[in-house]
Amino acid sequence: MSSHGTPIPMTSRPCGPLKGVAHVPGDKSISHRSLILGALSVGETQITGLLEGDDVLDTAKAMRSFGAEVTQHGPGEWSVKGVGVGGFAEPDHVIDCGNSGTGVRLIMGSMATSPITATFTGDASLNSRPMARITDPLALFGCSAVGRQKGRLPMTLVGAVDPVPVRYTTPVPSAQVKSAVLLAGLNAPGETVVIEKEATRDHTERMLAGFGADITVEETEEGRVITLKGQPELTPQDITVPRDPSSAAFPVCAAIVVPGSDVLVPNIGLNPTRAGLFFTLQDMGADLTFENMREEGGEPVADLRARFSPNLKGVAVPPERAASMIDEYPVLSVVASFAEGVTDMQGVKELRVKESDRIDAMAQGLRAAGVEVEEGEDWWKVNGLGHGNLPGGALVETRLDHRIAMAFAVMGMATQKPMQLDDGGPITTSFPIFEALMADLGAQLVRSNG
Ligand code: S3P
């Protein structure tokens with residue numbers, strides 16, 4: 001079910017060629033950060049192309065609860081009148097972040113060094129996810145947290161009254177952890193330093209610099225060392241949110257597995273910290289090209305052209321590529337099912353603590369659809385059956401996880417028998433126009449009870 005609704009069963013049927021142009025929505029990571037950094041600025045930030053998925057709408061509501069004026073002017077057009085670094089007001093009610101780990105973790109970071117208290121909750125998925133990875137470093141600033149056992153939400157955060165700056169090495173490759181520490185560092189005096197051994201998506205660093213913070217990034221033997229000078233005055237920005245490569249992944253992969261397809265997905269950011277899936281698909285022999293390569297706002301951008309690729313082969317995905325495609329493993333495993341041979345995915349323990357345990361959720365659904373999968377704590381292997389040989393015909397659990405739902409929807413477009421999703425509702429957390437967009441391309445994805 002969606003974070004606020006009842007289950008929406010869906011059926012995805014094998015379909016004819018997918019053809020056309022797919023304009024995917026705004027980037028989820030950048031949308032959250034636009035609202036939060038807008039709220040921490042002094043003055044009015046204008047945002048174009050904001051993702052209006054449930055996750056981001058929950059962050060917009062949260063920013064209002066902390067005192068920012070957040071207004072929608074038209075589809076994707078928003079403004080945020082900020083309260084400045086250290087200017088958050090204490091919310092008078094519980095902050096509900098719905099399904100969004102990014103939302104809750106970044107917001108916790110941004111309030112942790114203000115002398116206010118806030119209580120956070122979410123849906124069943126979010127309330128089962130680990131928060132100690134955030135509250136441990138936030139405690140170093142002087143913030144304290146009381147939650148349920150094993151550091152789960154609902155949780156109350158008491159912000160530091162006299163915050164001190166922090167030097168912190170992230171123990172897991174997580175942009176959410178890095179970003180929470182940097183956002184907390186904004187209201188601490190002196191320099192906060194975050195060190196990450198593996199590069200994760202760098203939107204927070206880039207956007208903080210854009211909002212006028214004094215932030216530097218150095219590649220050293222220790223890893224990426226990010227240094228932020230505390231207590232800046234952030235200047236409001238005009239932001240055009242680029243389209244989301246993680247959403248582009250679904251029409252791209254659908255075109256690759258459905259016979260006869262030819263789909264153009266324009267204006268996709270190819271920031272190297274996000275684009276790992278596309279290079280992996282090319283390694284597998286997919287007919288995927290980057291057209292009209294250009295730079296926009298300092299980021300590489302291209303129109304992706306994906307065509308049916310009948311001769312896919314399994315590959316070993318380099319573990320060092322994992323962070324740059326961490327959200328794309330579910331749909332990659334679907335493409336791997338249509339490839340000849342084994343696709344080996346190593347170093348992906350983080351998949352176990354996403355909106356669902358994504359290795360388990362995909363492995364169960366793939367097996368039910370006739371695919372052999374092996375798994376360990378931080379790896380899994382999919383034994384592809386080759387194009388045209390996948391039975392399908394399974395009912396899968398989407399486990400409150402949008403990417404599991406969309407991955408199996410893509411799978412059903414090219415299996416022998418339809419795939420059924422117990423609940424397609426979670427799709428609206430990140431890709432509210434998914435059904436309409438895929439239908440326009442020629443997919444047969446229908447609400448089973450509608
Ligand atoms: C995100 C970071 C990633 C990713 C999530 C968005 C972000 O999570 O899975 O969808 O915007 O910072 P982790 O930081 O847990 O890897």
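All ligand and atom numbering here is 1-based and tracks the order in the structure.
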Can you list every ring-ring contact (aromatic ring centres under 6.0 Å, His included) pair that touches residues 166-221, not counting sequence neighbours? none
Counterpart residues, salt bridge (Lys or Arg N to Asp or Glu O under 4.0 Å), relative to R105 (two or more places apart): none
Would you kindly say whether E52 and W78 are connected by a side-chain donor-acceptor distance under 3.5 Å? yes
Residue contacts for ligand 1, heavy atom to ligand atom, distance under 4.0 Å: K28, S29, R33, T102, P173, S174, A175, Q176, R201, I326, D327, K354
Does any N or O in the side chain of R201 come within less than 3.5 Å of the main-chain N or O of R274, such that one atom is a donor and the other an acceptor? no
Only one of V172, I226, T204 forms a side chain to side chain contact (heavy atoms under 4.5 Å, CB included) with K178, so which one is it? I226
Taking only residues two or more places apart in sequence, or in another chain, which ones meet F338 in a ring-ring contact (aromatic ring centres under 6.0 Å, His included)? none
